[in-house]
Amino acid sequence: MIQIFGTKKCKETQKALRFLKERRIDFHFIDLSIKGLSKGELNNVLQFYTIDEIIDSLSKEYITKNFKYIIHDKIQTVLDYPLILKSPIIRHNKKVLLGVDGIDRFVTKD
């Protein structure tokens, strides 16, 4: 099953959802504004991307919480404030894709 982590307001997440719906590909959408990644899910993502690659330092949440100016544990911060993540994060067959570029090849591979 394909999992998509993102928010309903995110244009890139909307593109990914539309792509899967148009092709009638089953997926499970996890809205980061409601529920964040678990520690295990985050560890899976970190096998493919660094913590700095998945944090959106231009996000409203990142800016309003002043994470740019304070020393913090980035992993714990992502777990506590999932809206600072870049989205969508797409998981399929224990692989992870950040963003929608390459989604066509990503979801059709076994």
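All values below come from the heavy atoms of this structure, side chains included, with hydrogens, waters and symmetry mates left out. Nothing fancy with the numbering, it's 1 onward along the sequence.
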*Nearest 0.5 Å please: distance from the CD1 atom of Ile103 over to the NZ atom of Lys15.*
11.0 Å

_Phe27 backbone acceptor or donor facing Gln3 side chain under 3.5 Å_ = no

*State, yes or no, whether a side-chain contact exists between Leu98 and Phe48 at a heavy-atom distance under 4.5 Å.*
no

*When rounded to the nearest 0.5 angstrom, what is the spacing between CZ in Phe29 and OG1 in Thr13?*
6.0 Å

*Looking at Leu46, Val45, Leu37, Ile51, which hits side chain to side chain contact (heavy atoms under 4.5 Å, CB included) with Val78?*
Ile51

_Let me confirm one number: the NZ-CD distance from Lys94 to Gln47, rounded to the nearest 0.5 Å._
9.0 Å

*Side-chain donor-acceptor pair present, Asp31, Ser33, cut-off under 3.5 Å*: yes

*asked:* Would you say that Pro88 contacts Ile90 through its side chain, given a criterion of any heavy-atom pair below 4.5 Å between the two side chains?
replied: yes

*Should Ile89 and Phe106 be counted in the same cluster of Ile, Leu, Val, Met, Phe, Trp and Tyr side chains packed under 4.5 Å apart?*
yes

*Using the six-membered ring wherever Trp is involved, compare the ring planes of His72 and Tyr62 and label them parallel, tilted or perpendicular (cut-offs 30° and 60°).*
perpendicular

*Determine, using the 4.5 Å side-chain heavy-atom cutoff (strictly less than), whether Ile63 and Phe67 are members of one ILVMFWY cluster.*
no

*Spell out, yes or no, whether Val100 and Tyr49 are grouped together once hydrophobic residues are joined by side-chain heavy atoms under 4.5 Å, including indirect joins.*
no

*Nearest 0.5 Å please: distance from the CZ atom of Arg18 over to the NZ atom of Lys21.*
9.5 Å

*How far does CD1 of Ile2 sit from NZ of Lys95, to the nearest 0.5 angstrom?*
14.0 Å

*Quick one: pull up CD1 in Ile4 and NE2 in His28 and give me the separation to the nearest 0.5 Å.*
11.0 Å

*Taking atom CG of Asp101 as the centre, report whether more than 12 heavy atoms of other residues, nucleotides or ligands fall under 6.0 Å from it.*
no

*Within a strict 4.5 Å, meaning less than it, do heavy atoms of the Lys86 and Ile54 side chains meet?*
no

*Going only through I, L, V, M, F, W and Y residues with side-chain contacts under 4.5 Å, is there a path from Ile70 to Ile55?*
yes

